[in-house]
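Let me begin by presenting the structure, written as structure tokens, before commenting on it.
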Protein chains: 2
Amino acid sequence: MNETPRKNLSKELLESYRVKPGQPVQLGTVDPTATGPFERKKRARAELELLRDELVELQECFYAWDKRSLLIVLQAMDTGGKDGAIEHVMKGTNPQGVEVTSFKVPTAEELSHDYLWRVHKATPARRMIGIFNRSHYEDVLVVRVHSLVPEEVWSQRYEQIREFEELLAANGTVILKFYLHISKDEQARRLQARLDDPNKRWKFAKGDLKERALWDDYMAAYADALNRTSTEDAPWYVVPANHKWYRNLVIMSILVDTLKSLNPTYPDPEEGLDDVVIE
Amino acid sequence: MNETPRKNLSKELLESYRVKPGQPVQLGTVDPTATGPFERKKRARAELELLRDELVELQECFYAWDKRSLLIVLQAMDTGGKDGAIEHVMKGTNPQGVEVTSFKVPTAEELSHDYLWRVHKATPARRMIGIFNRSHYEDVLVVRVHSLVPEEVWSQRYEQIREFEELLAANGTVILKFYLHISKDEQARRLQARLDDPNKRWKFAKGDLKERALWDDYMAAYADALNRTSTEDAPWYVVPANHKWYRNLVIMSILVDTLKSLNPTYPDPEEGLDDVVIE
């Protein structure tokens, strides 16, 4: 595995997936089938494992360092691969420092508060990596597509979300947001695969087809969300996600680069340990 | 790794570590250096990896099954290996289904409630594996040893804890409690190793020596806690923990056996999927 030189995804390539403030992304122009410099999954998977070793070391140090927290937001259409990304990117890390929150349909109690209430409660404490499987972005996605609140309400949320994430960032939370970008055809293949495989059939929900029929509305809502809330402190990345192995590698690469850039260090020992005798 | 026959820890051996109601354990008579049928760590580590594959599959199914939750309570003296056990047993599982809660010195808000308040909030939801790194047992351990509350208060807690855990069990939570049993000598070696290794020195806290001086009081408090709260539904296991590799293997074995005994299955698919066409 180590015999050939490493084939890291370049910073430039990863940067090209970032949604830059002031340069709106058109989702229709981003290729969900892209695989960067990799033609086959074998090399990409080997690279993923090398990066995993780095991630495990970096996470250990980040946790001990205890100075910052890291929040990863995952959004995607149904079958887009949020669960798979969590499993395959985070596998091997120390569960003590990782906390996954899956946001479902809000409960009655959650609905009796503002939409950021349950989200704020779930933000990662210092030293933790928090992962949101769906997030407050549902409040400008499904909520907008289904008109669950009037436009004058959801249209204010982009700014509220920017300010909320700015607050987190100002208090030491590093934020990475990934939109897992699959094509409508790929969703059809994945839904069909669930239907066809008796072991996966339980994952198929007829309700998913209703959402699929609203594909174009969702794409418009996603484009707005990405363009209006990708900031320097809380960037969105559009991750080509038709190929699961490439999706995982892109997320892993950005995660490892981000942790490295923070330069975490192990804490200094207490003073006066030189004379200590253990009896 | 698969060439030699497997060398599972037998049910009888694992059962011998369980604290049986009505048969009080004397911690002084349990050998912390025990390694079961293993003489060296190499074979035990290979066995651990085989069990890890089983754990990963079982966890996936347990999560999808969505019928029960599993709570693992870890208690030990300082350096006893709680953090290491979490890392080495749970590594590889899907972080989405695992939730670790580390109980620290209670906050002002926590202290303004009863001692089980913060614990109840942290119990695992259905489908989750929750791990308590320290727990409500501190309220009959450190609290008792340091007389933080009067004896008439802490002495009532054993029954309260039994009843609390019974409530959880009656509502579908499977409970496993592990006391990681190290010798006082082994603690000295581990503390000394932290002092001697510049990379580990930051882990050394002088306060740990004050607790170490109270070793016998802690052993008495542990013995009472184990004997008075090990029930059929929430058993304590005394895990020989001087050898980290054996400690991990014992916990892993009990965890895998427990998950298997629940017979989790993937859910049935929705009705009426046969006619579905994906457009």
Please report the interatomic distance OG(A:Ser102) to CE(B:Met128), rounded to the nearest 0.5 Å. 8.0 Å

Just to be sure I understand the criterion: a residue of residues 185-212 of chain B counts if one of its heavy atoms is under 4.5 Å from a heavy atom of chain A. Which ones qualify? B:Ala188, B:Leu191, B:Gln192, B:Leu195, B:Arg201, B:Trp202, B:Phe204, B:Ala205, B:Lys206, B:Leu209, B:Arg212

Who are the salt bridge (Lys or Arg N to Asp or Glu O under 4.0 Å) partners of B:Glu60, not counting sequence neighbours? none

Per-residue tally against chain B (heavy atom, under 4.5 Å) across A:Asn94, A:Val98, A:Thr93, A:Thr101 peaks at A:Asn94

Sort B:Ala213 into side chain, backbone, both or neither according to what part of it lies under 4.5 angstrom from a heavy atom of chain A. neither

Contact residues of residues 67-89 of chain A (partner chain B; heavy-atom separation under 4.5 angstrom): A:Asp83, A:Ile86, A:Glu87

Using heavy atoms and a sub-4.5 Å threshold, report which of residues 265-279 of chain A line up against chain B, by residue number. A:Tyr266, A:Pro267, A:Asp268, A:Pro269, A:Glu270, A:Glu271, A:Gly272, A:Leu273, A:Asp274, A:Val276, A:Val277, A:Ile278, A:Glu279

Taking the side chain as everything from C-beta on, heavy atoms only, tell me whether B:Lys91 gets closer than 4.5 Å to A:Val56. yes

